[in-house]
Protein chains: 2
Amino acid sequence: MSGRPAHAQDVRTYDPDRPVDPRVEALVNELIGRVADKWTLLTLEALEDNGTVRFTQLSRLVPGISQKMLTQTLRQMEREGLLTRKVHPVVPPRVDYALTPLGHSLGEAFCGVWTWAEDHLAEVEAARAAFDKRAADAL
Amino acid sequence: MSGRPAHAQDVRTYDPDRPVDPRVEALVNELIGRVADKWTLLTLEALEDNGTVRFTQLSRLVPGISQKMLTQTLRQMEREGLLTRKVHPVVPPRVDYALTPLGHSLGEAFCGVWTWAEDHLAEVEAARAAFDKRAADAL
DNA sequence: CGGAATCCTCGATGATACTG
DNA sequence: CAGTATCATCGAGGATTCCG
C-alpha cells in the first residue's frame with residue numbers, strides 16, 4: 001500500500017509497513033482491551049454528550065449499567081487519566097465526573113468506529129441475513 | 001444522551017440532519033459491542049497485515065487465541081460480512097480467510113483507536129502511576 | 001488441516017444489604 | 001447521594017478429544 005516515508009505525526013491511515021515494537025504492541029493491545037470495554041465506551045459517550053455529570057445522573061445516562069459496574073468503570077477510567085472525579089464536601093454528598101483532555105481525545109478516536117457502525121449498519125444486517133439464509137439452506 | 005442540540009462543540013462530528021433514533025442507537029451499541037471484542041480486533045488486525053491467511057496461520061498470528069475462540073470469532077465476522085471464508089476441496093483441507101471491503105473499512109475506522117493507544121500510552125501509564133501513588137499515600 | 005463436540009472452571013457481573 | 005461489602009450466578013472461554 002502506501003510506501004511513503006512516515007512522518008510520525010500525520011499518519012492517520014493504516015500503514016502495515018510501519019515497524020512495530022512487539023513490547024509496545026503488547027502494551028497497546030492491553031490498553032485497547034481495557035478501553036474497548038462496553039461500559040467504558042458507553043460511559044465515555046455519556047460524558048462526551050453531557051459534560052460534567054453526577055454519579056446518579058450517570059447511572060441513568062448509561063442504559064442498563066449496574067451501580068457496581070458504574071463505580072468500577074469510573075475508577076478504572078479515572079486511574080487511566082480519562083476522567084476526573086471531584087468530591088464536594090457537602091451534604092448530601094455530591095461527586096462530579098468529567099472527561100479530561102485525554103478522555104476527549106479517546107472519544108474522538110472512537111468517533112470513527114461509531115460512525116462506521118451507523119454507516120454500515122444496514123450492510124451488516126444484510127450480511128447477517130444472507131449468512132443465516134445460507135446456513136438454513138444448507139440444512 | 002440523545003436529544004440535545006446544545007453543546008455546539010461536540011467533539012464527535014455529528015450531522016445535525018441525522019436524527020438519533022433510539023432504536024438505531026441501540027443497534028449501533030449492540031454492533032459495537034460485537035465488533036469491539038478483543039479477539040475480533042486482533043483477528044482484524046492480523047488480516048489487515050497479512051491479507052489472505054489460512055486457519056492455522058491465523059492461530060499463530062493472533063497471540064494467545066484458542067482454537068475454539070478463533071473458529072467462533074471467524075464465524076461471527078463472516079456472518080457480519082467482515083471477511084470471506086473459502087474452502088478448497090483438497091487433501092489436506094485448506095481454508096482461506098480474507099477481509100471484505102466492509103472488513104477493511106472497519107479496520108480503518110479502528111485505526112484511530114490504535115494510533116490513539118500508541119500516542120498516549122506513556123500518558124496513560126503516567127496517570128496510572130500517579131493514581132496508584134495517591135491511593136498508596138492515602139493509606 | 002480445520003474444525004466440531006464435550007466438559008469444566010473461574011472471573012465478570014448482577015442482586016442485595018449496609019453506611020458515612 | 002454515593003458509594004462499599006458480600007454473596008450468588010452465569011456464561012465466556014480454555015482444555016481435551018474426536019472426526020472428515
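Within every chain, numbering begins at 1; the chains are lettered A, B, ... in the order of the sequence lines, protein sequences first and strands thereafter.
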Nucleotide of dG3(C), dC1(C), dG3(D) approaching Tyr97(A) most closely (side-chain heavy atoms) | dG3(D)
Lys86(A) atom NZ is separated from dG3(D) atom P, nearest whole Å, by 15 Å
Is there a donor and acceptor pair closer than 3.5 Å between the side chain of Gln67(A) and the base of dG3(D)?
-> yes
Among dG14(C), dC1(D), dG3(D), find the nucleotide with the atom closest to the side chain of Ser66(A).
-> dG14(C)
Whole-Å gap separating P (dG2(C)) and CE (Met69(B)) | 19 Å
Does a side-chain N or O from Arg54(B) land closer than 4.0 Å to OP1 or OP2 of dG2(C), or not?
-> yes
Report the distance from atom CZ of Arg60(B) to atom P of dG2(C), rounded to the nearest whole Å.
-> 9 Å
So does Thr56(A) get a side-chain nitrogen or oxygen closer than 4.0 Å to the phosphate oxygens (OP1/OP2) of dA2(D)?
-> yes
Arg85(A) CZ to dC1(D) P: how many Å, rounded?
-> 16 Å
Salt-bridge present (Arg128(B), Glu30(A); N to O < 4.0 Å) | yes
The single option from Leu83(A), Leu99(A), Leu82(A) that satisfies side chain to side chain contact (heavy atoms under 4.5 Å, CB included) with His104(A) is Leu99(A)
Base, sugar-phosphate, or nothing for Pro92(A), non-hydrogen atoms under 4.0 angstrom?
-> sugar-phosphate
Of the candidate nucleotides dG3(C), dG13(D), dA2(D), which contains the atom at the shortest distance from the side chain of Phe55(B)?
-> dG3(C)
Hey, is Arg85(A) close enough to Asp96(A) for a salt bridge, meaning N to O under 4.0 Å?
-> no
Tell me: CD of Glu78(A) to C1' of dA2(D), nearest whole Å?
-> 14 Å
Please say whether more than 12 non-hydrogen atoms of neighbouring residues, nucleotides or ligands are located less than 6.0 Å from CZ in Arg23(B).
-> no
Whole Å only: how far is the CZ atom of Arg34(B) from the P atom of dA12(D)?
-> 10 Å
So how far is it from Met69(B) CE to Asp37(B) CG, rounded to the nearest 0.5 Å?
-> 6.5 Å
Rounded to whole angstrom units, what separation is found between the NZ atom of Lys68(B) and the C1' atom of dC18(D)?
-> 16 Å
Contact nearer the 5' end of DNA chain C, comparing Ile65(A) with Pro93(A) = Ile65(A)
Of dT13(C), dG2(C), dC1(D), the nucleotide closest to the side chain of Asp37(A) is dT13(C)
Ignoring backbone atoms, establish whether Arg75(A) has a side-chain N or O less than 4.0 Å from OP1 or OP2 of dA2(D).
-> no
Atom-to-atom span, CG of Leu58(A) to P of dA2(D) - whole angstrom | 10 Å
Are any of Arg94(B)'s side-chain N or O atoms less than 4.0 Å away from OP1 or OP2 of dG2(C)?
-> no
